[in-house]
A.B. asks: 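First the structure, which I've put down as structure tokens, then a few questions once you've had a look.
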Amino acid sequence: HLIENAQQATDKNGKVSIRLSGNETMHVVEIEDTGHGMDRDFIRDRLFKPFDTTKGNAGMGIGMYESREFIRLLGGDLQVRSEPGKGTLISLLLPIADNYAVEA
């Protein structure tokens with residue numbers, strides 16, 4: 001969902017980058033695009049609201065919500081930094097664990 005969102009927000013002359021980093025306790029996956037970006041109000045009020053989409057019939061509006069909830073279930077977090085006209089940086093913070101089993 002996250003990479004596809006970045007691609008859809010970026011025109012053919014833009015760029016989508018994926019970076020991996022981390023330390024002893026955390027993996028970090030960054031997805032950055034040079035797309036149209038989002039303002040603070042949109043991020044706060046709509047980005048993670050399920051079934052709220054800006055894509056019309058092309059989307060269901062659950063990708064960002066599902067992604068954040070899954071990462072939180074793993075004990076991590078999803079952070080968003082964006083500015084209209086300058087693109088978006090999505091950071092996935094994933095804890096390193098000895099046991100990857102998830103209890104539901």
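Computation of the quantities below employed the complete heavy-atom set of this structure, encompassing side-chain atoms and omitting hydrogens, waters and symmetry-equivalent molecules. As the structure is a computational prediction, the values presented were derived from the model and not from experiment.
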A.B. asks: Carefully, step by step, assess Ile96 and Thr25 under the rule side-chain contact (heavy atoms from CB on, under 4.5 Å).
C.D. replies: CA-CA 5 Å; Ile96 296 173; Thr25 62; 5.8 Å; no
A.B. asks: Can you name the nearest heavy-atom pair linking Pro95 to Met26, along with the distance?
C.D. replies: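 In terms of heavy atoms, the two residues are closest at N-SD, 3.5 Å.
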A.B. asks: Dump the intermediate steps for side-chain contact (heavy atoms from CB on, under 4.5 Å) on Ile3 and Gln7, then the final yes or no.
C.D. replies: CA-CA 6 Å; Ile3 294 169; Gln7 291 172 322; 4.1 Å; yes
A.B. asks: Got a second to check how far Phe70's CZ is from Leu94's CG, nearest 0.5 Å?
C.D. replies: 8.5 Å
A.B. asks: To the closest 0.5 Å, what do you measure between CD1 (Ile71) and CG (Leu2)?
C.D. replies: 6.5 Å
A.B. asks: State the CZ-CD distance between Arg72 and Glu69, to the nearest 0.5 angstrom.
C.D. replies: 6.0 Å
A.B. asks: First locate atom CD of Gln79, then atom CD1 of Ile43, and finally report the distance between them rounded to the nearest 0.5 Å.
C.D. replies: 12.0 Å
A.B. asks: Which atom pair, heavy atoms only, marks the closest approach of Met64 to Leu78?
C.D. replies: CE-CD2, 4.1 Å
A.B. asks: Going only through I, L, V, M, F, W and Y residues with side-chain contacts under 4.5 Å, is there a path from Leu93 to Leu74?
C.D. replies: no
A.B. asks: When rounded to the nearest 0.5 angstrom, what is the spacing between CG in Asp41 and CZ in Arg44?
C.D. replies: 4.5 Å
A.B. asks: For His27 and Leu20: C-alpha separation, side-chain torsions, deciding distance, then whether side-chain contact (heavy atoms from CB on, under 4.5 Å) applies.
C.D. replies: CA-CA 7 Å; His27 292 297; Leu20 305 172; over 6 Å; no
A.B. asks: What distance do Ser67 atom OG and Ile31 atom CD1 have between them, rounded to the nearest 0.5 Å?
C.D. replies: 8.0 Å
A.B. asks: Is there a path from Val28 to Ile18 through hydrophobic residues (I, L, V, M, F, W, Y) whose side chains come within less than 4.5 Å of each other?
C.D. replies: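 No; Ile18 is not reachable from Val28 via cluster members.
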A.B. asks: Kindly indicate, with the supporting measurements, whether the criterion side-chain contact (heavy atoms from CB on, under 4.5 Å) is fulfilled by Arg19 and Leu89.
C.D. replies: CA-CA 11 Å; Arg19 293 184 297 275; Leu89 173 65; 3.7 Å; yes
A.B. asks: When you measure from the side chain of Thr88 to the backbone N and O of Asp33, does any donor-acceptor pair fall under 3.5 Å?
C.D. replies: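 No: the side chain of Thr88 does not pair with the backbone of Asp33.
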